[in-house]
Amino acid sequence: MISGSFAFYRPHTIAEAVAMLATHGDAARLVAGGHSLIPMMKLRMAMPDHLIDVGGIADLKGIKRDGSDWLIGALTTQAELIADQALAAGLPVLRETALQIADPQVRNCGTLGGNIANGDPGNDMPAVMLCLNARFEVTGPGGKRSIPARGFYHGAYVTSLAQDEIVTAVRIAALPPGSAAAYEKLKRKVGDYATAAAAVALGLQDGKINFCSIALTNLAPTPLWAEAAGQALIGRAPGAESFALAGRLAEEITDPSSDARGPAAYRTKMGGVMVRRALARAALAAKT
Amino acid sequence: MNKSVNLSINGTRHAVTLDDPRVTLLDLLRERLDLTGTKKGCDRGQCGACTIILNGRRVNSCLTLAVSCGGAEILTIEGLAQGDVLHPVQAAFIEHDAFQCGFCTPGQIMSAVGLIMEGQAGDDEERIREGMSGNLCRCGAYAGITQAVRQAQARMNERERTGEAA
Ligand SMILES: Cc1cc2nc3c(=O)[nH]c(=O)nc-3n(C[C@H](O)[C@H](O)[C@H](O)COP(=O)(O)OP(=O)(O)OC[C@H]3O[C@@H](n4cnc5c(N)ncnc54)[C@H](O)[C@@H]3O)c2cc1C
Ligand code: FES
Ligand code: FES
């Protein structure tokens, strides 16, 4: 399988990459790890005339703290997310999620920026970003802007990113003290995309849930933030009854397709199960 | 538009002129440099038959554009043995019958070498299986592969401890 032909560029700065995007318009695409885009190009589902490799841009790399926020460069690979000790201690759900993506070879190349910008509902990081209320830092010809993840996804492969913009980093605020997050993914085999998956974050105070956010992977054309399901748990005691309620409310907003991973009704139910499991695990890890 | 890239492959420097940026590292190795030990299974990142070590990390060469790899250090299956002396992972694969048809084997061996370099698997079969999950084997030699990786790792650790050359 060989892709359509293209001209290749490897800029060294964000400004150069943006200028190339602006020059070549819709005929240009960025490539980072290439592990979503190159297969699509080989299948001729994507046929850019100009391919701009961002792999040489040093400013897109690195995991930093900015005050209490995490600032993670778009080029950070899934393997780097897994290996970072500070991140594993401070925001372990990113490591946990990265470990559920594909296999070690893919994780050595696939980047966080590519995973969130791709817009494939099967990607795992977007739901985690909705759950954690992350912001995507973006640069275009007009300068920088910051887009909330919760307003970024509009349809399969349709996002708020303009054609001439590049995602430079992901900004994630620290969770409220004592709260914990979890990602539960059902897949047919190791390395598979999700049949259904749920990202949750949950906080407790005096034995009651005082903070809860839930998001879903691969259960609609976009990742879903299940706002009502999370809100419904505020003030309730953690436990099977509350988690089942959240699972039911989350199921209500899903719209999966029937495919090789199962009929739509099954995938919806599994979405509820993933929400329940993730909540139970987060509640155990959260400190009152 | 020709692009030239300098690569080090198994310790030998190559200045490669690419007449087409579409050439993957896999096609460069197999079709242009006659290094056909690296195999093409799916050509889309799913099987691991094309696994090589690129700058110290195992990657699927079928999804890596050669033109992106300027200055890279590459290790392929051809670079493992020292003359007639097999690499410990190669020797362990033979000892444990870790293959049947052999098609997936170069990728399995390179992946095992990468896993051992990462130093994450320990002596735990479950972690070895997870660490080798990017490599499919249609002959189902998984049981032997797991044992081979475990033994090669133990031997390499032992050699490191006793200071014996690999
Ligand atoms: C066998 C296999 C299994 C996989 N399984 C999973 C899985 O279970 N879960 C999962 O989430 N993913 C999975 N993936 C996808 C993998 O995680 C990809 O690497 C990831 O989705 C995209 O990252 P990338 O760096 O490879 O992006 P690329 O393929 O390089 O790019 C993807 C898209 O994002 C755009 N893009 C990339 N970087 C930027 C940027 N900085 N700014 C703006 N746009 C950008 C590109 O233009 C392109 O449209 C799998 C891939 C393979 C091959
Ligand atoms: S040939 Fe590269 S992963 Fe299958
Ligand atoms: S030995 Fe035949 S595919 Fe693995």
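First the proteins, then the strands, lettered A, B, ... as listed; each starts at 1.
Below 4.5 Å, heavy atoms of chain A meet heavy atoms from B:T51, B:R57, B:R58, B:V59, B:N60, B:C62, B:L63, B:L65, all part of residues 49-66 of chain B. Heavy-atom neighbours of chain B within the stretch residues 181-196 of chain A, taken at a separation under 4.5 angstrom, comprise A:V190.
Here B:R155 does not pair with B:E158 in a salt bridge; the nearest charged N to carboxylate O distance is not below 4.0 Å. Salt-bridge check for A:D49 with A:R29: failed, with every basic side-chain N at 4.0 Å or more from each acidic carboxylate O. Electrostatic pairing of A:R107 and A:E80 does not count as a salt bridge here, judged by no charged N lying under 4.0 Å from a carboxylate O.
Residue A:N108 touches chain B through both its backbone and its side chain, counting heavy-atom pairs closer than 4.5 Å. No part of A:L37 comes within reach of chain B, as not one of its non-hydrogen atoms sits under 4.5 angstrom from that chain. In this structure, the portions of B:E130 lying under 4.5 Å from any heavy atom of chain A include both its backbone and its side chain.
B:R30 places a side-chain N or O within donor-acceptor distance of the main-chain N or O of B:T38, the cut-off being under 3.5 Å. At least one donor-acceptor pair closer than 3.5 Å links the side chain of A:T23 to the backbone N or O of A:A19. Side-chain N or O atoms of A:T77 include none that pairs as donor or acceptor with a backbone N or O of A:T111 at under 3.5 Å. One N or O on the side chain of B:N10 and one on the backbone of B:T76 form a donor-acceptor pair closer than 3.5 Å. Of the possible polar contacts, none joining the B:K39 side chain to the B:C104 backbone as a donor-acceptor pair under 3.5 Å is found. Formation of a donor-acceptor pair under 3.5 Å by the A:E165 side chain with backbone atoms of A:A162 is found in this model. A donor-acceptor pair under 3.5 Å links the side-chain atoms of A:T159 to the main chain of A:L161, judged by distance alone.
Among the candidates A:P39, A:G34, A:S5, the residue making the largest number of heavy-atom pairs closer than 4.5 Å to chain B is A:S5. Looking only at heavy-atom pairs under 4.5 Å with chain B, the residue among A:C109, A:A102, A:S3 that has the most is A:S3.
Counting only N and O atoms by type, the side chains of B:S133 and A:D103 include no donor and acceptor under 3.5 Å apart.
Checked options B:D20, B:D19, B:D27; the residue passing with B:R32 is B:D19 (criterion: salt bridge (Lys or Arg N to Asp or Glu O under 4.0 Å)).
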